[in-house]
Number of protein chains: 2
Amino acid sequence: MSKPLQRREKLRADLILAAERIIAERGLSGLKTRDLAREIGCANGAVYNLVADMDELILRVGSRTLRRLDEALSAAESAGAPLPQETLVRIALAYCDFAAENLQLWRALFEHRMEADKVVPDWSVDDQMRLFRHIYQPLVSLFPKRGPEELEITARSLFSAVHGMVALGLEQKLVAVPLPALRKEIAGLVRAMIDGLIAPAGQNRAAAGS
Amino acid sequence: MSKPLQRREKLRADLILAAERIIAERGLSGLKTRDLAREIGCANGAVYNLVADMDELILRVGSRTLRRLDEALSAAESAGAPLPQETLVRIALAYCDFAAENLQLWRALFEHRMEADKVVPDWSVDDQMRLFRHIYQPLVSLFPKRGPEELEITARSLFSAVHGMVALGLEQKLVAVPLPALRKEIAGLVRAMIDGLIAPAGQNRAAAGS
DNA sequence: CAACAACCCTGAACATTGTTCAATACAAAT
DNA sequence: ATTTGTATTGAACAATGTTCAGGGTTGTTG
């Protein structure tokens with residue numbers, strides 16, 4: 001009795017949680033199968049009954065991280081004035097804050113590289129794509145005339161630009177900007193990007209919209 | 001005779017070049033000491049007479065990559081109208097092109113993480129900082145009233161934003177934007193950022209400059 | 001030229017890790 | 001209770017960065 005299937009699932013959940021804790025504490029490179037096995041109380045070989053390999057485990061943890069990130073962005077989306085400009089700023093800052101507060105787990109999302117030939121499974125790709133929808137809505141309000149495809153690309157670009165600022169801003173403590181300064185920079189540049197995109201501006205607005 | 005010191009330096013150079021070639025072909029994770037030793041014709045142990053460890057070797061390759069990147073950006077800087085806006089766009093596109101043409105070597109610059117406690121040597125940090133100076137100059141032309149510190153931060157932010165677009169844009173082939181589209185997006189968003197930063201713009205330009 | 005010291009190189013050995021697998025223990029079914 | 005299929009174990013394997021004692025080479029000195 002004691003429903004072995006449920007026990008298996010329980011162990012699986014424990015494994016993923018243990019992996020998450022270890023990555024958060026010691027970084028992606030601190031994740032070792034033997035530590036995991038000891039942590040959840042089984043032989044190292046048993047790990048491979050719960051997940052196919054380390055890649056899958058890391059992606060599972062990534063999925064959890066992405067879900068929490070998604071929630072943080074959702075909260076920011078509806079946590080103030082519905083002005084699309086300010087909503088986008090809030091989302092960008094929420095992204096920055098999440099990365100700072102979950103530094104190692106957030107890094108793991110991008111540091112991890114699939115071993116060549118093996119493909120990222122669909123459920124993982126879906127997780128990633130879901131993030132863009134947060135900035136898509138405000139962009140629709142800002143640019144009602146533009147088509148969905150164009151807006152999707154813009155959403156992706158905006159997201160990527162903010163991601164870059166966060167990534168390099170949190171990189172190395174030596175030259176790193178202090179967090180408040182980084183937040184200010186992000187807010188400023190997001191507003192600038194939006195203003196510039198709206199702009200009935202001066203001379204050279206040629207290539208942006210076409 | 002046969003000047004052993006020069007021989008050593010020759011071997012060292014060979015080693016770095018071999019490492020560069022391997023990273024370019026197989027990525028950072030494809031770099032193995034035994035392959036390197038075979039490649040340059042020595043025992044695997046001998047590698048450690050030429051460099052302290054893999055970290056140093058990777059940083060040496062990174063230094064070469066950064067130098068070439070620096071040259072590419074320099075060329076872009078002076079390869080067209082001296083209008084600062086267009087100069088910045090050219091630099092951003094040159095960055096994108098360099099990353100695309102040197103994908104694995106460029107990725108290695110950011111994928112590589114120092115083993116904790118060990119610090120990045122000075123010469124490597126210098127290499128990295130040098131990149132910002134390319135966008136610093138045009139920014140001085142654009143914002144003569146702002147102080148050097150503020151401009152340095154802006155330079156860093158602009159660079160980071162473009163880096164983010166390139167990084168996520170070249171990431172996964174599945175959802176990846178084709179290169180010409182990415183270039184167009186980068187040019188558009190760089191112009192937007194600049195316009196937005198210049199902007200005597202509408203309602204909400206509060207937080208950017210302060 | 002000979003003896004010697006300093007240094008380099010070799011290749012075997014070590015430690016760490018992801019992964020596999022034959023043997024064992026266990027659970028359920030007949 | 002016996003059988004059967006599955007889960008678990010822990011030893012073994014392979015890959016890989018790194019170290020090291022021993023042998024060889026180089027350059028210097030008498």
Side-chain angles (χ1 to χ4, degrees), chain A residues 1-16 18-23 25-62 108 111-118 120, chain B residues 1-16 18-23 25-62 108 111-118 120:
Chain A
M1 57 172 286
S2 82
K3 298 153 189 162
L5 288 183
Q6 286 190 18
R7 198 184 91 87
R8 236 177 89 90
E9 282 311 310
K10 168 80 164 60
L11 248 193
R12 236 177 82 94
D14 282 354
L15 177 68
I16 293 169
E20 182 175 81
R21 205 172 53 70
I22 289 180
I23 293 175
E25 282 174 10
R26 298 186 277 224
L28 194 51
S29 64
L31 193 68
K32 310 292 154 73
T33 55
R34 284 164 179 81
D35 290 346
L36 285 169
R38 188 160 2 94
E39 193 98 25
I40 66 174
C42 73
N44 59 40
V47 168
Y48 293 84
N49 290 336
L50 306 172
V51 292
D53 51 19
M54 285 279 108
D55 276 344
E56 187 196 326
L57 182 54
I58 292 168
L59 288 180
R60 297 271 181 218
V61 173
E111 277 181 17
H112 178 57
R113 284 242 171 280
M114 231 36 187
E115 200 158 356
D117 77 355
K118 270 167 57 175
V120 183
Chain B
M1 56 174 282
S2 82
K3 300 153 190 164
L5 288 182
Q6 288 189 18
R7 198 183 90 88
R8 234 177 92 88
E9 281 312 308
K10 168 80 164 60
L11 247 192
R12 236 176 82 94
D14 283 355
L15 177 68
I16 293 170
E20 182 174 82
R21 206 173 52 72
I22 289 179
I23 292 176
E25 281 174 12
R26 299 186 277 225
L28 195 50
S29 62
L31 193 68
K32 310 292 154 74
T33 55
R34 283 164 179 78
D35 290 347
L36 285 169
R38 188 158 4 92
E39 192 97 25
I40 66 174
C42 71
N44 58 39
V47 168
Y48 292 84
N49 290 335
L50 306 172
V51 291
D53 51 19
M54 285 280 110
D55 276 344
E56 187 195 325
L57 181 55
I58 293 168
L59 289 180
R60 298 271 179 218
V61 173
E111 277 182 16
H112 177 57
R113 284 239 172 285
M114 228 41 182
E115 200 158 356
D117 77 356
K118 270 166 56 175
V120 182

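Hydrogens, waters and symmetry mates are skipped; everything else that's a heavy atom, side chains included, is used. Numbered from 1 within each chain, the chains take letters A, B, ... in sequence-line order.
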Taking [atom1] from [X] and [atom2] from [N], how many angstroms apart are they, rounded to a whole number?
X	N	atom1	atom2	result
B/Lys32	C/dT16	NZ	P	20 Å
B/Arg34	C/dA13	CZ	P	13 Å
B/Tyr48	D/dA21	OH	C1'	18 Å
A/Arg12	D/dT8	CZ	P	13 Å
A/Asn44	C/dT19	CG	P	11 Å
A/Asn49	C/dC26	CG	P	16 Å
B/Asp53	D/dG17	CG	P	11 Å
B/Asp14	C/dC9	CG	C1'	16 Å

Shortest non-hydrogen contact between [X] and [Y], atoms and distance:
X	Y	result
B/Arg26	B/Asp35	NH2-OD2, 4.1 Å
A/Ile22	A/Gly30	CG2-O, 3.5 Å
B/Asp53	B/Tyr48	CA-CE2, 4.0 Å

Between B/Ala46 and A/Thr33, which is nearer to the 5' end of DNA chain C once each is assigned its nearest nucleotide?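 It is B/Ala46, whose closest nucleotide lies nearer the 5' terminus.
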In B/Asp14, B/Ile40, B/Leu36, B/Leu57, the residue satisfying side chain to side chain contact (heavy atoms under 4.5 Å, CB included) with B/Leu50 is B/Ile40
Applying a 4.0 Å non-hydrogen cut-off, can you work out what B/Leu31 is touching in the nucleic acid: base, sugar-phosphate, or nothing?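 B/Leu31: backbone/sugar contact only, no base atoms under 4.0 Å.
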